[in-house]
Amino acid sequence: MAAVAVAAEWQLLHDRYYRKLEIYSMQWGRMDLARHRVACAPFGGPIAAIRDDSKIVQLYAESARRKLHIFNSAGVHLASAAWDRPGGRLVGMAWTDDQSLVCVVQDGTVYRYNLRAELSAPQFSMGKECFEQGVVECVFWGNGMICLTEDRQIFCVPDFKNPKPCKLADPGIEEYPLCVTVVEPQYTMSGNVEVLLGVGDYVLAVEEDGVQQLGIGVGPLQKMALSHNGKYLATFTHDGRLLVITTDFSRIILEYNCESALPPEQIAWCGLDSVLLYWDEMLLMVGPRGNPVRYLYDEPIRLIPECDGVRILSNSCMELIQRVPDSTVSIFQIGSTSPAALLYDALDHFDRRSAKADENLRLIRSSLPEAVEACIDAAGHEFDVSRQRILLRAASYGQAFCSHFPQDRDRFQEVCKILRVLNVVRNHEIGIPLSIQQYKVLTAPVLIGRLVNANHHLVALRISEYLNLNPEVVLMHWACSKITASPAIQDAALLEILLDKLKLCKGISYAAIAAHADNTGRRKLAALLVDHEPCSSKQVPLLLSIGEEDTGLLKATESGDTDLVYLVLFHIWQKKPALDFFGTINARPLARDLFIAYARFYKHEFLKDFFLSTGRLQDVAFLLLKESWHLEKNPMASKGGSPLHGPRIRLIEQAQKLFSETKEHTFESKAAEEHAKLLRLQHELEVSTKQAIFVGSSISDTIRTCIVLGNHRAAMRVRAEFKVSEKRWYWLKAFALATVRDWDALEKFSKEKRPPGGYKPFVEACIDADEKAEALKYIPKLAEPRERSEAYARIGMAKEAADAASQAKDGELFGRLKLTLAQNAAASSIFDTLRDRLSFQGVY
Amino acid sequence: MAQIPNLDNAPINLASLREQSQKELLNILRKIRGKKCLVIDPKLGGSLSLLIQTSLLKEYGVELRHLSAEHVQTECSKVLYLVRSQMKLMKFISSHIQHDLSKGVQREYFVYFVPRRTVVCEKIFEEEKVHHMLSIGEYPLYTLPLDEDVISFELDFAYKECYVDGDTSSLWHVAKAIHKLEFSFGLIPNVRAKGKASTKVVDILNSLQVEEPVNTADMGVPEINTLILLDREVDMVTPMCCQLTYEGLLDEILQINNGSVEIDPTIMGGQQEGKKTKVPLNSSDKLYREIRDLNFEVVVQVLRQKATSMQQDYAEVKSTSQSVSGLKDFVKKLNSLPEIARHVNLAQHLQSFTSKPSFHARLDIEQTILELQNYEICFEYIEEMIHKQEPIINMLRLLVLFSITNSGLPKKNFDYLRREILHSYGFEHMSTLYNLEKAGLFRKQETKTNWPTITRALQLIVDDTDTANPNDVSYIFSGYAPLSIRLVQHAIRSGWRSIEEIMKLLPGPHLDLKRGASTSSSSFDIVLGAQSNHDRLMDGRRSLALVVFIGGVTFAEIAALRFLSSQEGMGYDFIVGTTKMVNGNTILETLMSNA
């Protein structure tokens, strides 16, 4: 039976089964791992190989030049490049999380390659000390690396995205450590990387700011490996024991004597339950209890630790060794009578039209849901497609007899979806042999990212569509790669090809693609692309960077976003000479007005230049006036000096001249002239009266002040100088006399001649001064009965007011008067009484 | 009573909007650890008083200061500036930092822009060579609920910037604010706009929708059915008229700021003068909610009635025959006493102004100007105001009203009045006049006025207005129906097609747009036909219209909209959005020269 065949391949380690699956037979022809340095990326990533120069070159077999080869996990050749980097021996080589290959050479120079064996980022050096001391060893993790120098100093790059090497504390050791490993930042207290050195019979934990001695007496240690959760350390001692210790060295969890004085070449955790040790031709798997399992190899291998097992790379094949999942065990274990096994069996009977199928189902009726779940789970863990299919069929067969388990259906669909994706990427052409657990840790978006990195755009696109993910990343990468790869295609044609695909994704950033086009030297294509960008805040900066200022200004203006307009404005301002700049912005009202707003606030002189060069003389004049007024408000600015000679009048006169040069501003020109004249006159007045109260007041105020001071001659002079109308003169003088309460003078003034505007000024001046008796002198002289009536009303003479109103035959006025007068009294008394009543509450 | 308005009765969930803003602010404070000095620009501080209690800020280790030219005196080593993106404020901040540098004081500086950082402000930091010392962030406060049906974008200078300076930054802000609302309440399907600025806002709104689409599919029925955008420029007549509703008059006479007035304690019956007290005015006050939108004449009567009935109840209580339940009712009523007292005091204060003959004279002349009855009388009235040197702002309001209704003054009069103004108020007002002219508020007559045509067609002047039991919005101004409100009425009744000719007489283009619904979010079909029937929701629920005034709205206009929605047969509720609460004075003050 099939089930038996499956379980026959498993190995039992104490009470747990392990299986070793062959995933690929390698496609790389005659590759000998023994004579190559190899770097394998986890999560089924690519493999980099370069000939080990410490080994003898077999001239008959290969060229003498060393080459860097890159393969996928199935050994399919992806790219190669000559290795001719200076800087000495290649010391370390590894893949980072984002799949760039980091190569460190002896003098501390770090080179980074992409999947196509091209230098993908600028090289950098680990620093002067590394250069002088020489790098001996490197240890990598995630996106970081530490390296040890010959002088036993440790240097660290915490993150290759921002490669800033730093030096860790000096471990202060005399001899080179026996073994090195790192504790990743995510597992340390400090959040920084910690380096463990096996020195003498203890371990040194080295951090950026300190060294700590740990586990005195456990060693000497020859090899170390940290578990995936960062909690346990597997070590190999000089006397041939495997020790598993907690990372704080407080407890030894496992001790096993390997009976080999020679340390293993490689040591790796397989999941969290067992440790793999590799010596030449022998792989030993040690678990917490029971006898270890031995595997024999007649060719060299490399152990590649994964989160749920270890991949084993040999010259001929790629294998995965992992603990058999519980669900799989429950189905395929020999003699298993678990519900899942019976369900699997039932399907077999059903296929063979045997009635035993029904019998099986009846047996497990109550635990059918668990059985279905186990089949689904086991299918997920399966690499073999036909076995996946049978397991899924068993699940769906069982599901048919489950009355209600909607979540099962979701789970079923989910696993089917994942399996489809996994089966596609496991194809040897793509060569990413992910297990379902690795896939979940890696996540779909990262997988898609890796696919596009490897130029599998179509697959990536299909997967993102299938999983309902935004295809933007894929299309974006595709477009950029397409541009890089198509230097021969004409701009227009290439644009069409790009647009055809890009329209699949709404909201994709054309600006980013255009930026790439610009970087690859295709400015015209960039301009064409950026035109399709709907988001102006992305479009405009790019237009500026490709030198399309005019279009940038146009687009910014169209967007209505003034911030963008300013961005363009300042850009052009910086780049162009003033006159060109003026010309550009003068053609665009919004840009022009924004420039004026800014310059009015911050660049006065420059603004004047702008107005002059664009013929806006009146605006220059207003600027000058403002300056003059500003000086008045801040007299400190124009210390000393009379306004006559001071800049104030000069500024006003300049303004006047400018106004007069335009046709439309004769009014302003005259006003400015009068303004200057007024200032002069006021200054004279201040000198003659020795009172600094004139400058800054208006003509009317000046007249009033003169009269109040009793200086009628001066008042007359101001009146004459500025041709103040009689009407206004009467108002001003009447009010001024009322201010000083010179009622005789007021009466005399009223009798000088018949006032041109009537007696209203006199009445109002008196009422304002609250002088009823005086007002009464003039009220009867008011020509209009209506005015008389209102005046009486204002001084509270209701009867006279009513009489006058009736004289005016103005019913509306009469009514209103009655109302306001009556209401006033009544209303206020009501409010008053109300307030009295409310106050007992004490709410105030 | 709290100044922060209660938003529970809002037609859309403004409370959550406000909570979001509160949270964002507190997050900023949390991010900057330890004690810090928070320096707020005073205008923004006023706005924030409607959002968050100062005491809450203190809990976050904040020492509160107002931003001015004065240097900040504080022991804190971290200074957080929370400022609107205005150039003037950047200058202050720069000078503070330079001052600290010269004194050798080392501090950490954080600048958070409201609502977003701008190139021009950062440019000033660069020019002042302090940019590298700042950590810059954003506090995206685009909208502030003033009351349950009013939201403000808090753009004090929007009118001047748009119509005088040509700086349209505020339009982007308004569009962004509306777009943000759409993210919460759904894409607004019907849009009507009148005026240059409004149509520009619609443009920006559309491109924002393309850049960052509001998902129409999974939001269900949009909560706001119609968006009506109006330029203040379209109707500058209304704000120039004296508002006659209770709330409007309070604003005209006492200036409502951020939903409260500051008054002398004596007005409220307090004994001694001195520090001004703040009286919050929003719909959390039930009595205020009832009377705020009534014509002031009526308010006096209502208050009198309330007081009288109170008095009667009191008399009954005193007569011992009261049952316990009767007493209970009375005690309940007593709770409303503080409210009655407050408004009686305020009303009394207002009445001391409204009973003056000069107040009536002003209303008379306003009416005369609106009806274009007698050019000479109006002209002389204004001339006299200038000669008497009455407060310039009062004079300008009438002058502007006069100029608009006459579509400018004949050159001779124009020049004459300008000269008299400069002579009376000082030559510094040359730039005030220049600004007024640029904004088209006081200008030379070039064409015949079409104001009579507009008044007639839109029935702006209503002769027999019953202010006590109004049946038309004209009660608000005792006989004048605000032009802006008439436009809104037409917009929701039958669209603007029916008054196409009149629309053309008003400044700026107008548009009528239907958006969304279809899956292609980027296409906007202009619907030419009148409003279709399914604009109103089938289930008989009332639709909601957001009416946005660009350049400010007056309390009187809001009152009018509230009145409209309370009318029988009206299928709409209104939410008012505005760049700022304004009245004639505050608009004109932004145009006055403050060189």
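The model shown is predicted, which means the values in this text are computed figures rather than measured ones. Just so we're on the same page: letters track the sequence lines, and every chain starts at 1.
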Value for OG (A:Ser700) from CD1 (B:Ile421), rounded to nearest 0.5 Å, stands at 11.5 Å

So, the part of A:Thr557 with a heavy atom under 4.5 Å from chain B: the answer is backbone

Is a salt bridge present between A:Lys603 and B:Glu127, judged by a nitrogen-to-oxygen distance below 4.0 Å? yes

_In terms of relative ring orientation, are A:Phe622 and B:Tyr434 parallel, tilted or perpendicular, with 30° and 60° separating the classes?_
parallel

Could you walk me through whether A:Arg592 and B:Asp165 pass the salt bridge (charged side-chain N to carboxylate O under 4.0 Å, His left out) test, one step at a time?
CA-CA 10 Å; A:Arg592 179 195 64 204; B:Asp165 300 339; over 6 Å; no

Checked A:Asp563, A:Thr562, A:Ile652 vs chain B; the most non-hydrogen pairs under 4.5 Å come from A:Asp563

d(B:Ser169 OG, A:Leu590 CG) to nearest 0.5 Å is 8.0 Å

In terms of heavy-atom contacts, A:Ser559 and B:Ser207 come closest through O-OG, 4.4 Å

Would you say that more than 12 heavy atoms from the other residues, nucleotides or ligands in this model lie under 6.0 Å from the NZ of A:Lys760, or not? yes

Would you say the side-chain atoms of A:Asp593 pair up with the backbone N or O of B:Asp167, donor to acceptor, closer than 3.5 Å? no

Taken to the nearest 0.5 Å, the spacing of B:Arg419 CZ from A:Glu674 CD works out to 5.0 Å

Honestly, the part of A:Leu569 sitting under 4.5 Å from a heavy atom of chain B is neither

If one checks every heavy atom of A:Ser536 against chain B at 4.5 Å, the contacting part turns out to be both

Most heavy-atom pairs under 4.5 Å with chain B, out of A:Trp729, A:Phe722, A:Tyr730, belong to A:Phe722

Does this structure show an ion pair linking B:Glu383 with A:Lys727, if we count only N-O contacts that are shorter than 4.0 Å? yes

Rounded to the nearest 0.5 angstrom, the CD-CZ distance for B:Gln389 and A:Arg704 is 4.5 Å

Honestly, the part of A:Lys670 sitting under 4.5 Å from a heavy atom of chain B is neither

When B:Lys123, B:Met87, B:Glu128 are each screened for side chain to side chain contact (heavy atoms under 4.5 Å, CB included) with A:Tyr602, the one that passes is B:Glu128

Report task. Start with the C-alpha distance between B:Ser424 and A:Arg728, add both sets of side-chain angles, then the distance that settles side chain to side chain contact (heavy atoms under 4.5 Å, CB included), and finish with yes or no. Result -> CA-CA 9 Å; B:Ser424 293; A:Arg728 177 142 55 96; 3.8 Å; yes

When the 4.5 angstrom heavy-atom criterion is applied to A:Glu764 and chain B, the contacting part is side chain

Cation-pi check, B:Lys91 onto A:Phe601 ring (under 6.0 Å, within 45° of axis)
yes

Tightest non-hydrogen contact, residues A:Ala672 and B:Met430, listed as N-CE, 4.3 Å

Closest non-hydrogen atoms of A:Leu732 and B:His387, given as atom of the first, atom of the second and distance, are CD2-O, 4.2 Å

query = Is any side-chain N of the basic residue among B:Lys388 and A:Asp768 closer than 4.0 Å to the acidic one's carboxylate O?
reply = no

Cut-off 4.5 Å, heavy atoms of chain B, and the answer for A:Ile596 is neither

When the 4.5 angstrom heavy-atom criterion is applied to B:Ile124 and chain A, the contacting part is both

Separation between OH (B:Tyr416) and OG (A:Ser725), nearest 0.5 Å, reads 4.5 Å

Residues A:Asp561 and B:Lys200 bridged, charged N to O under 4.0 Å: no

_Would you say that more than 12 heavy atoms from the other residues, nucleotides or ligands in this model lie under 6.0 Å from the NZ of B:Lys444, or not?_
no

Closest non-hydrogen atoms of A:Trp629 and B:Ser431, given as atom of the first, atom of the second and distance, are CZ3-OG, 3.9 Å

- B:Arg418 to A:Phe667 six-membered ring, cation-pi geometry met (6.0 Å, 45°): yes

The reported gap from CD in B:Glu122 to CZ in A:Phe570 (rounded to nearest 0.5 angstrom) is 10.5 Å

The salt bridge (charged side-chain N to carboxylate O under 4.0 Å, His left out) partners of A:Arg588 (sequence neighbours excluded) come to none

**Asked** Is the shortest distance from a Lys or Arg side-chain nitrogen in B:Glu211 or A:Lys538 to a carboxylate oxygen in the other one below 4.0 Å?
**Response** no

